[in-house]
Structures are given as C-alpha cells and as structure tokens.
Protein chains: 2
Amino acid sequence: MNKNKDVAGEEPSGALMADVARLAGVAISTVSRALANPGRVNEKTRAKINAAARQLGYTPNAMARGLRVGKSNIIMIILPGSLYYGASQIIPHVLQSINKSLIQGGYNLMIANLDRDEISERHILDLAFGGSVRGAIILSSKLPEVDGRSLANSGLPIVSMLLDMSDAGLQSVITNDREAVRDVTAELIRLGHRRFFYLAGPEGNYHDVERYGGVLEALEGAGLSEGSVRRSGGHLDYQHGFDIGVQAADDFAKLTEKPTAVIATSDDMAISFVSRVQRRGVSIPGDLSVVSFDGSPVCEFCSPPLSTIKQPVEEMGRAAVDLLLDAIGQRENAAAVRTVIRSSLISRESIAAPKS
Amino acid sequence: MNKNKDVAGEEPSGALMADVARLAGVAISTVSRALANPGRVNEKTRAKINAAARQLGYTPNAMARGLRVGKSNIIMIILPGSLYYGASQIIPHVLQSINKSLIQGGYNLMIANLDRDEISERHILDLAFGGSVRGAIILSSKLPEVDGRSLANSGLPIVSMLLDMSDAGLQSVITNDREAVRDVTAELIRLGHRRFFYLAGPEGNYHDVERYGGVLEALEGAGLSEGSVRRSGGHLDYQHGFDIGVQAADDFAKLTEKPTAVIATSDDMAISFVSRVQRRGVSIPGDLSVVSFDGSPVCEFCSPPLSTIKQPVEEMGRAAVDLLLDAIGQRENAAAVRTVIRSSLISRESIAAPKS
DNA sequence: TTGTAAGCGTTATCAC
DNA sequence: GTGATAACGCTTACAA
C-alpha cells in the first residue's frame with residue numbers, strides 16, 4: 001500500500017489513510033472521521049488511530065481531499081510586475097501579512113504574476129478555472145480575460161487591495177489617499193506654500209487620480225487655482241520610481257517660477273528627486289518641502305529625513321483576507337464595498353514653511 | 001454534467017472533460033489524449049475536440065490530474081521571516097525571478113513562511129508530505145523537522161538559495177561573498193586603510209561567517225592583524241538592519257581609535273549608520289569609507305552614493321529553478337553541489353583613500 | 001459508533 | 001486511432 005521503497009522495513013513517508021486504518025484495525029472511513037470530526041468517533045478508537053497515524057508519520061493528501069470535496073485550500077495573490085520593485089517593501093509586507101492570516105484560516109498562498117501579456121493572463125485563468133485556487137486577492141487594476149474566460153465570472157471570490165475596484169463589483173481594501181493628500185497639502189498651504197510640484201506615476205492610474213484629486217481639493221479649499229500645481233512624470237510605472245524622481249529633478253530645474261513644495265506619489269521618486277536637486281544646490285526643506293507616499297523605513301535615514309504617508313499594508317492584508325474568507329464562507333457574495341484603512345502621515349524634517 | 005447553475009443555458013465555466021467529449025462526439029479518454037498527446041490522435045478528431053474545448057471554455061482540473069498522476073505542479077519557496085524586510089528588494093526580486101522561470105516550466109509558486117515556531121514547521125511538512133508540492137526552494141538555514149517528519153527525507157527535491165547547505169546534502173545556489181569581501185577589503189587596504197569597522201548581522205550566521213572570513217583573509221594577505229577590524233552588531237537579525245546601523249553608530253562614537261573604513265553586511269545597516277555618523281560630523285568618505293552588501297537601488301541616491309556589493313538575485317533565482325527542475329526530472333538526485341554566482345561591487349563615492 | 005461503497009475529474013492500461 | 005474501465009486517495013451518504 002505504501003508506494004515508497006522502504007529501507008529496512010521503515011516507513012519514512014508516503015503512508016496512506018488505508019495504512020493507518022490497517023494499523024489501527026479500523027475501517028478507512030473511521031480514520032477519515034477521526035481526523036476530521038474527532039467528536040464523532042469513540043475516544044478509544046480515536047486514540048488508536050492517532051497513535052497509528054503518528055507512528056506512520058501520516059499526512060493526508062491534499063489533492064485527494066481537494067478533489068473529493070471540490071475545493072482547494074489555496075488562495076492566489078495576483079501581483080502586477082510593476083509592484084515588484086521599490087524601497088517601500090510593500091510587496092514583502094503584503095505577502096507576509098496575507099500569508100500569516102491565510103495560514104491561520106487553513107489556507108495557502110500562491111503567487112500569480114499578471115504582466116501585460118496574454119500568457120500570464122491565461123495562466124491565471126487556468127489557475128482559477130482549473131480548480132486550483134479557492135479565491136484571489138488582486139493588486140492589479142486589470143482582471144485577466146482571455147478568449148471567453150474572465151476572472152470576473154470565474155465564480156471565485158476576489159478581493160481587490162490597494163486599488164478601488166468596487167465599480168467592477170469587487171470588495172476593495174484601500175487607503176484614504178485622497179483625504180491624506182488633501183490634508184497634507186492643506187497643511188503645506190497653512191505653512192505658507194503656494195506653488196506645488198506633483199510627481200506622478202502612470203497618468204490616470206487609480207492612485208494618480210486619487211492623490212492628485214486630493215491636491216486639487218486642498219487648493220480649491222484654500223481658494224488657490226489649479227495652476228498652483230505643476231505635474232511631472234505620468235509616463236513611467238511606479239516600478240521606475242527612481243527614474244521618475246531623476247527626471248522630475250530635471251523638470252524642476254527648468255521651471256522659472258520654482259514651486260516651494262513637492263508631493264511625490266512614492267518614496268522612491270522623492271528620494272531620487274531630493275538627491276538630484278540637492279546636488280544642484282537646492283536646500284531641503286529650506287528651499288523646498290517634500291512629502292511622499294508609502295512610508296518606507298529608509299525615509300527616516302535620508303538627509304533630511306523624509307516625511308511620508310504610510311501605507312498601512314499589514315492591516316490592509318489582514319482586512320483583505322478577512323473579507324475573502326468571509327466571501328468563501330457565504331453562499332452569496334456580499335454587496336461590493338470599500339473597506340478604507342486610514343493611512344497616516346509620518347512627519348519629519350523635510351517639511352517646513354517656505355522662505356519668506 | 002456541468003455543476004454550475006447555468007444562466008440561460010450558457011456554460012460560463014465548470015465544463016468537464018466529459019462535456020467536451022460529448023460535444024465532440026468522442027470518448028472521454030480520447031479527449032484526454034488529444035489534450036496531452038496531440039500526436040497520438042487523428043488530426044480531424046483533435047480539431048473537433050479542440051473546438052469543443054474552446055467553445056465550452058474547458059480548463060482541466062489540476063487537482064484531479066495531480067491526484068491521478070501522483071504529482072503536483074506546485075513548488076514552494078520557504079522564506080524565513082527575517083528576510084522579509086529591507087530596502088534591498090531581495091525578496092520581491094527573488095520571487096519574481098523564480099516565479100517567472102517556474103511558470104515557463106509549467107509550475108506554480110507557493111509561499112511558505114518558516115518562522116521559529118513549530119506551527120510553521122508543521123505547516124511546511126504538511127505541504128511536503130501531503131503531496132501538495134513537487135519541490136522546494138529554501139532560503140533558510142534550518143530544515144523543518146517535527147516529530148519524525150523532516151523535510152530532508154520527504155523525498156522532495158530541494159534547492160537552497162543564498163545559503164550554502166551543501167553540507168546538508170542540498171544543491172546550493174550562492175554568491176561568492178567571501179571572495180567579494182576579500183577583494184573589496186584588499187582594495188581598501190591598497191587605498192591606505194588600516195583600521196576597519198565591520199557591521200554584522202546575526203553572529204555565526206552563514207553570511208556573517210563568509211563575509212567576516214573574507215575580511216580576515218584580506219587582512220592576513222596584507223600582513224595586518226585580526227585586531228585591525230572591530231565588530232559591531234551580531235545580535236540582531238538582518239530584518240533589523242536599520243537598527244543595527246544605528247547601534248553601530250553609537251559603538252563607533254565610543255571608539256577611541258577610529259576605523260577609517262566600514263564594511264556593512266547589508267545596505268540597510270550602512271544607510272542608517274551613515275545617516276547617524278554624518279549627523280555627528282563624520283564626513284564620508286573623507287573620514288570614513290563605507291561599503292555594504294546587497295546592491296539596493298536606493299544606494300545610488302544616498303549622499304554620498306554608497307558602494308555596495310550587488311547580490312545577483314535574478315540569476316540566482318534562475319539557477320535555483322533550473323537545478324530544481326533538473327532534480328525533478330531525474331530519478332536520482334545529483335550529488336550535492338554548490339553553484340556559485342559571482343556578485344559584483346558597484347563602486348560609488350563612499351569609498352576613498354583615508355585622510356593623511 | 002463503525003463499516004461499506006460511491007464518487008470527485010483526471011490519466012493510463014487495456015482491448016478493440 | 002479510439003473506447004471502456006480501473007485506478008489515484010480521500011470524504012460522505014447510507015447501512016449496519
């Protein structure tokens with residue numbers, strides 16, 4: 001029954017439920033019951049079975065169980081390639097947080113990469129439609145969809161994270177970016193700033209829309225015109241944050257009327273931007289205040305230490321898993337909702353009142 | 001046959017091989033053959049089957065196949081919690097690189113976290129012995145082992161990455177850290193440096209041993225005594241790299257005879273160390289040269305830009321996957337070997353000749 | 001409380 | 001070249 005070629009009669013691995021049953025002197029179904037519903041089996045029998053299982057080093061076969069019950073215990077996280085980089089450590093944090101919560105719920109985490117090609121889309125759809133996964137957490141704005149199959153109607157519970165996809169009918173765990181930017185911009189205005197420089201990731205991207213929107217709201221609230229803010233970037237992905245900052249520094253140098261405050265949409269942009277403009281003699285925060293996004297730990301050790309709006313990644317991960325497991329538990333999906341986790345400004349020396 | 005409650009007679013998902021067979025007017029086994037061994041079935045039949053499959057949006061069930069063939073197509077990567085942080089982006093890169101190679105080989109990547117508790121060990125062992133995974137890539141020095149079951153004799157192909165575990169019989173993909181440190185130390189000596197400061201991660205850790213060993217080799221080669229180098233750190237995990245650097249700056253301040261060159265074993269350490277000693281008036285590289293490990297992109301934008309020894313993570317990931325897939329292909333495991341990928345020094349302004 | 005037996009959706013071994 | 005049919009290892013009615 002044991003398919004391994006045993007050395008010296010030992011059973012180092014590969015014991016089956018049938019092996020356990022035989023050793024314990026019971027039927028195979030009793031073993032199954034003892035392991036799954038310990039309450040529904042005689043205590044003495046259960047003890048025998050547990051002893052046998054332990055002696056054989058028995059581990060239930062997950063695929064067999066999965067096939068039988070028609071469910072897998074794997075959750076996939078769909079990551080766009082563009083999120084993979086950056087000093088912000090967002091991805092590692094997300095993975096750690098999600099994986100931890102998932103394991104407590106008895107699930108495993110599988111990684112799925114969603115690039116801008118059909119191959120990766122097809123791959124994800126195979127996972128979804130092939131019964132391999134039980135649910136998905138997606139950090140991309142695009143739902144895979146290739147020749148007829150679409151993740152949207154795969155029947156899988158899906159939770160979006162970082163991006164608001166409630167319009168597409170997905171539970172979404174997001175941060176209050178708009179509000180956070182509005183507040184920090186308002187604070188900059190209060191300090192006396194009137195001309196702003198905004199470093200953007202991909203134009204039209206959810207984060208860009210929300211964050212830039214926040215800037216505009218603050219300007220409007222203070223009676224300032226849209227012209228008070230200049231944009232830089234918009235072409236490159238967040239993945240190329242450092243490049244965006246370098247380019248923005250060039251753009252900044254060309255401006256005749258210099259802004260006095262910079263709002264960067266990632267720490268990477270801020271870091272490379274600051275590095276480059278300092279080299280050109282710009283003093284921070286003397287000549288220019290800087291605030292950015294993500295809350296990368298490294299910001300504390302920049303000179304000057306950078307103010308940054310922290311993304312509460314761990315909480316978001318937990319929330320996403322909670323929502324997903326809820327959805328898996330229910331028969332019907334709850335109405336799409338936004339779960340907003342508040343992000344907070346970490347205030348450091350890179351912000352000050354503008355010179356005179 | 002389709003278990004989904006279809007809306008309006010459509011079959012949005014969940015088609016089985018039997019459905020395809022019926023639609024194509026052939027036996028189910030023919031469908032299986034057509035999909036797996038297209039060569040062994042009549043071209044016309046195959047066309048019919050493919051058409052039917054496509055029309056139904058058929059996706060083979062991975063668990064059923066896995067159960068039947070006795071193999072899963074999932075590879076797990078075992079990550080220690082301590083690797084999850086740091087501006088170095090090592091983890092995201094590793095994951096991306098490994099996942100990419102894996103997918104090309106038809107495999108999927110599952111994440112397994114190995115913390116210092118029995119729970120996570122048991123979890124990994126369940127994955128290994130439960131037939132869920134086909135192989136493992138491990139980035140931890142410790143092989144899970146709980147009550148009898150041990151990953152080492154799970155029969156799974158395992159490849160170690162970053163750490164040399166060839167002694168434990170594992171194929172290991174590593175970098176030439178010792179040599180790299182020896183070379184850079186020798187270069188520092190050549191520049192005139194005679195007193196060194198070494199920032200360590202956990203003492204006795206593989207990386208610490210190799211890298212510190214490299215320093216000593218260079219000293220010896222130049223006829224300098226072991227006393228030429230002072231150590232700091234050794235208690236905290238790499239996860240706390242920034243803290244190590246901060247503490248090292250305190251240690252440094254207390255030294256009466258100041259070293260003129262710092263060798264840090266991670267960029268995080270170097271970054272926070274530099275930040276703190278600069279604040280105390282130490283000039284870099286004027287008073288102190290600095291070199292560190294990992295090759296974090298952010299180092300380019302520090303002031304001064306930091307020299308760092310780049311870990312060739314992508315190549316390591318590819319190599320690890322290649323070795324793993326080879327091992328899966330063979331019946332017998334190849335003899336344990338080290339695969340050494342060369343890391344390279346990225347030389348920037350943080351290194352100079354010592355004053356006077 | 002326990003045992004028997006029927007499947008889960010594939011693949012593989014046979015005949016035909 | 002194609003079609004029955006028996007597994008793969010488990011769970012779950014249902015019977016005893």
Side-chain angles (χ1 to χ4, degrees), chain A residues 1-4 11 13-49 52-53 56-73 106 126-127 129-134, chain B residues 1-4 11 13-22 24-50 52-53 56-73 106 126 129-132 134:
Chain A
M1 194 52 83
N2 186 315
K3 64 189 166 184
N4 288 357
E11 308 228 343
S13 75
L16 303 182
M17 198 173 259
D19 297 315
V20 177
R22 195 171 323 106
L23 183 58
V26 298
I28 185 172
S29 57
T30 308
V31 176
S32 175
R33 235 174 280 129
L35 267 34
N37 302 40
R40 300 187 39 169
V41 72
N42 184 300
E43 189 181 336
K44 237 177 133 181
T45 319
R46 191 185 33 186
K48 257 193 316 195
I49 291 175
L56 294 175
Y58 171 71
T59 308
N61 182 301
M63 289 194 299
R65 168 180 302 177
L67 176 59
R68 175 59 233 235
V69 303
K71 314 171 187 321
S72 116
N73 70 337
D126 285 346
L127 250 21
F129 285 86
S132 297
V133 306
R134 189 72 188 289
Chain B
M1 193 53 85
N2 186 315
K3 65 188 166 185
N4 288 357
E11 307 228 341
S13 75
L16 303 181
M17 199 171 259
D19 298 314
V20 177
R22 195 172 321 109
V26 296
I28 184 171
S29 56
T30 306
V31 176
S32 176
R33 230 174 286 132
L35 266 35
N37 302 40
R40 301 187 39 169
V41 73
N42 184 300
E43 190 182 333
K44 237 177 133 182
T45 320
R46 192 185 28 180
K48 254 191 319 190
I49 292 174
N50 284 337
L56 295 174
Y58 171 71
T59 308
N61 182 299
M63 288 193 301
R65 167 181 299 173
L67 175 60
R68 175 60 234 231
V69 304
K71 315 171 186 321
S72 114
N73 70 337
D126 286 346
F129 285 87
S132 298
R134 189 74 188 289

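No hydrogens, no waters, no symmetry mates; every other heavy atom, side chains included, goes into these values. Chain letters run A, B, ... following the sequence lines, proteins first and then strands; every chain starts at 1.
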How close or far is atom [atom2] of [N] from atom [atom1] of [X], stated in whole angstroms?
X: B/Asp126; N: D/dG9; atom1: CG; atom2: C1'; value: 16 Å
X: B/Leu67; N: C/dG7; atom1: CG; atom2: C1'; value: 12 Å
X: A/Arg22; N: C/dG3; atom1: CZ; atom2: C1'; value: 16 Å
X: A/Asp19; N: D/dG9; atom1: CG; atom2: P; value: 10 Å
X: B/Asn61; N: C/dG7; atom1: CG; atom2: P; value: 18 Å
X: B/Lys71; N: D/dC8; atom1: NZ; atom2: P; value: 14 Å

Side-chain donor/acceptor of B/Ser72 to backbone N/O of B/Ser132, under 3.5 Å: yes
Mind checking the [atom1]-[atom2] spacing from [X] to [Y]? Nearest 0.5 Å is all I need.
X: B/Asn61; Y: A/Met63; atom1: CG; atom2: CE; answer: 10.5 Å
X: B/Arg46; Y: B/Asn37; atom1: CZ; atom2: CG; answer: 11.0 Å
X: A/Arg22; Y: A/Asp19; atom1: CZ; atom2: CG; answer: 5.5 Å

Pairwise side-chain contact, B/Leu35 with B/Asn50, heavy-atom cut-off 4.5 Å (strictly under): yes
Pair B/Ile49-B/Thr45, side chain to side chain contact (heavy atoms under 4.5 Å, CB included): steps then yes or no: CA-CA 6 Å; B/Ile49 292 174; B/Thr45 320; 4.1 Å; yes
Tabulated below should be each protein N or O lying under 3.5 Å from an N or O of nucleotides 11-14 of chain D; please produce it.
| from | atom 1 | to | atom 2 | distance (Å) |
| --- | --- | --- | --- | --- |
| D/dT11 | OP1 | A/Arg65 | NE | 2.6 |
| D/dT11 | OP1 | A/Arg65 | NH2 | 3.0 |
| D/dT11 | OP2 | A/Ser32 | OG | 2.9 |
| D/dT11 | O2 | A/Arg68 | NH1 | 2.3 |

Nucleotide of C/dG3, D/dG3, C/dT2 approaching A/Val41 most closely (side-chain heavy atoms): C/dT2
